[in-house]
Amino acid sequence: RLLSIRPPAEPEPPQRQSSAAEFRAGISFFVHSKVLVALGVGLTLALVGTGVLDSLFVYFLPANLHVSARWLGTMSGAIGVGAVVGTIGTDMVAAKAGPRRLFWVGLLVCRVMILVMSRSSALWLALVVGAVIGVAFGAGSTVLEPIILAVTPPRMIGRVNAVISPLAGMASVVSIALAGALASTALRGLRASVTGLTFGPYDTIFAFAGLLILLAGLASIRPMRAAAPLAGVDGGEDGVAGGGGGAGEASPGEPGLAG
């Protein structure tokens, strides 16, 4: 009799979906989450705006700040130092303000500073403004992953990142093409005066980049505020991340993902 006893059958492992099916599931989950859509739109517009700045700084320095383009490295260094400071200080600030608020506030600060940058004519002022832009953008970039992790079930994190990563790459390509097109065609040789303010091609494009980042910040405010607090990180409140596609909701077409 002992020899006739059979061990229980092992459950069959779940069938793995194809890469295309997993990507479609990630897109479906992404578009049904208000927080993730706001994050994606805000990130894309912000990267287009900052990409335009990166592409044209080498021309902006001699044309508007009246210094050699060799100062480009110093300007990049000021922005980099600001980004490091913003990244280091994010934990302390996010514990009080919350990652979502810090995200859209960082975008709005970037917009204001880029507008100041576009009207700058002194190198020292541009360096200070660049450092502040670095702080704001560094802080906003640091809270991206905590927001994603808080509103996304563990098994969907890779799929959501697979949606967001192409958006960032597309934004970089678009920003380079947009900056080149505006500077070499539509705004080439621009000299305009409005209420005593003179506008050239590069400061006008910088102002346009600031407008894109402003739109990114404004588009992020309502969804980020309307969603439920992030568990244990938004102002110290306990709660389950929600807001249209949070971790507590099942992805459309895949019941039980939040388990």
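Taken together through direct or relayed side-chain contacts under 4.5 Å among Ile, Leu, Val, Met, Phe, Trp and Tyr, I176 and L56 form parts of separate hydrophobic clusters. Placement of V84 and V128 in two distinct hydrophobic clusters is found when ILVMFWY residues are connected by side-chain heavy-atom separations under 4.5 Å, directly or transitively. Cluster membership for I27 and V35, using ILVMFWY side-chain heavy atoms within less than 4.5 angstrom, is shared. Follow the hydrophobic side-chain contacts under 4.5 Å out from V135 and you never reach V93; the two are in separate clusters. No single ILVMFWY cluster, assembled from side-chain heavy atoms under 4.5 Å apart, contains both L125 and V81.
L107 is not listed as a side-chain neighbour of R111, based on a closest heavy-atom distance of 4.5 Å or more. The closest side-chain heavy-atom distance from L167 to L43 is not below 4.5 Å.
Of the possible donor and acceptor atoms, none in the side chain of S33 sits under 3.5 Å from a partner among the backbone N and O of F30. Listed for the T44 side chain is no donor-acceptor partner under 3.5 Å among the backbone atoms of V41. Without hydrogens or angle criteria, S120 side chain to V116 main chain gives a donor-acceptor distance under 3.5 Å. Between the side chain of S118 and the main chain of L115, a donor-acceptor pair closer than 3.5 Å is present. A donor-acceptor pair under 3.5 Å links the side-chain atoms of S76 to the main chain of L72, judged by distance alone.
Atoms CG and OG, on L47 and S175 in that order, are 8.0 Å from each other to the nearest 0.5 Å. Here the straight-line distance linking atom CG of L45 with atom CG of L215 works out to 6.5 Å at 0.5 Å rounding. A distance of 7.5 Å separates CG in L123 from CG in L61, rounded to the nearest 0.5 Å. Separation of atoms OG1 (T152) and CD (E145) is listed at 8.5 Å; rounding is to 0.5 Å. Here the CD1 atom belonging to I114 is positioned 3.5 Å from the CD1 atom belonging to I213, to the nearest 0.5 angstrom. Separation of atoms CE (M156) and OG (S28) is listed at 7.5 Å; rounding is to 0.5 Å.
Between Y202 and A63 the shortest heavy-atom distance is CD1-CB, 3.7 Å. The two atoms that bring R159 and A25 nearest to each other are NH1-CB, 3.5 Å, heavy atoms only. Counting all heavy atoms, side chain and backbone alike, I133 lies closest to M113 at CG1-CB, 3.4 Å.
Using cut-offs of 30° and 60° for the angle between ring planes, the F60 and F206 rings count as parallel.
In this structure, F208 has no ring pair (Phe, Tyr, Trp, His ring centres under 6.0 Å) partners at least two apart in sequence or on a different chain. For F137, the ring pair (Phe, Tyr, Trp, His ring centres under 6.0 Å) test picks out no residue, with sequence neighbours left out.
The salt bridge (charged side-chain N to carboxylate O under 4.0 Å, His left out) pairs that include a residue from residues 43-55 number zero, where partners must be two or more places apart or lie in different chains.
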Margin query: As a quick check of understanding, evaluate side chain to side chain contact (heavy atoms under 4.5 Å, CB included) for N161 and I148, giving each step before the final call.
Written below: CA-CA 9 Å; N161 283 328; I148 294 173; 3.9 Å; yes

Note to self: Is there a side chain to side chain contact (heavy atoms under 4.5 Å, CB included) between L36 and F29? Walk through the geometry before answering.
What the structure shows: CA-CA 9 Å; L36 292 179; F29 183 85; 3.7 Å; yes

Margin query: For I221 and L108: C-alpha separation, side-chain torsions, deciding distance, then whether side chain to side chain contact (heavy atoms under 4.5 Å, CB included) applies.
Written below: CA-CA 10 Å; I221 293 176; L108 295 182; 4.2 Å; yes

Next item on the list: Evaluate side chain to side chain contact (heavy atoms under 4.5 Å, CB included) for F57 paired with M75, printing each intermediate quantity in order.
Entry: CA-CA 9 Å; F57 255 132; M75 177 64 69; 4.1 Å; yes

